[in-house]
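Below, each value reflects all heavy atoms present in this structure, side chains not excepted, and no hydrogens, waters or symmetry copies.
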Amino acid sequence: MAKKFPIQQKDVERLNHVTVQLFNKSFWQIYQQEARRFIYLFDKGERQKQEIGQPVATKLIYPEIKLLMDGKGTIIGKRMERAGLLLSTAENRLKQAPIKRKYELTETERKAAMLEGQDYTVWLQKRNAYCYEQL
């Protein structure tokens, strides 16, 4: 993954269970197109997450996101100033989803490729059996 790749609003809206920190130091949990604010409470030495307030649309808090963290707490996106871009870090895995193809296969092409693969598998099995007999 290339470092410093811009993370757009649509990328953030498709995420689920990621944590963001805003410039006002508040923490929010993103559930795709919905965001909920939460705080950490300490009870008997253990940290517990407590949601507060009403859910809001992710697009409303996107311009204020300072840090974007995955479920493990690893920072995957960072914005240096309010007017700046939300940029990815080296640990970002957002853009590693499916690679865009130049063209999509039709259903018949997909079936033909699948049959060809099956034929190739059968041929390999026969070849391996023959070679094993010759030993």
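Residue I7 comes nearest to V12 through the heavy atom pair CG2-CG2, 3.8 Å, listed as atom of the first residue, atom of the second, then distance. Contact between R79 and Y62 at its shortest, heavy atoms only, is NH1-O, 3.1 Å. The nearest pair of heavy atoms linking N16 to Q32 is OD1-N, 4.0 Å. Between W28 and R37, the shortest heavy-atom contact is CE3-N, 3.3 Å. Across M69 and I75, no two heavy atoms sit closer than the pair CG-CG1, 3.9 Å. Across every non-hydrogen atom of I61 and V56, the tightest pair is CG2-CG2, 4.0 Å.
Interatomic distance, NE2 of H17 versus CD of Q29, reported as 7.0 Å (0.5 Å rounding). Between the CG atom in L60 and the CD atom in Q33 there is a gap of 11.5 Å [rounded to 0.5 Å]. For the atom pair OG1 (T58) and CD1 (I65), the distance works out to 7.5 Å, reported to the nearest 0.5 Å. Rounding to the nearest 0.5 Å gives a distance of 9.0 Å between CG of L67 and NZ of K25. Going from atom CE of M80 over to atom NZ of K66 covers 8.0 Å, rounded to the nearest 0.5 Å.
E107 has a carboxylate O that lies under 4.0 Å from a charged side-chain N of R110, or vice versa, which qualifies the two as a salt bridge.
Judged by distance alone, the side chain of E34 and the main-chain N or O of Y31 form no donor-acceptor pair under 3.5 Å. With T19 contributing its side chain and G73 its backbone, the two residues share no donor-acceptor pair below 3.5 Å. No donor-acceptor pair closer than 3.5 Å links the side chain of N128 to the backbone N or O of Q125.
Residues D11 and L86 fail the side-chain proximity criterion, which asks for heavy atoms closer than 4.5 Å.
Other residues, nucleotides and ligands place more than 12 heavy atoms under 6.0 Å from the OH atom of Y40. Under a cut-off of 6.0 angstrom, the local environment of CD in E116 is sparse, with at most 12 non-hydrogen atoms contributed by other residues, nucleotides or ligands. For K111, the NZ atom sits in a loose shell: 12 or fewer heavy atoms of surrounding residues, nucleotides or ligands are nearer than 6.0 Å. Counting non-hydrogen atoms of neighbouring residues, nucleotides and ligands closer than 6.0 angstrom, the CZ atom of R47 reaches no more than 12 such neighbours.
A chain of hydrophobic side-chain contacts below 4.5 Å, direct or via other Ile, Leu, Val, Met, Phe, Trp or Tyr residues, connects I52 to L41.
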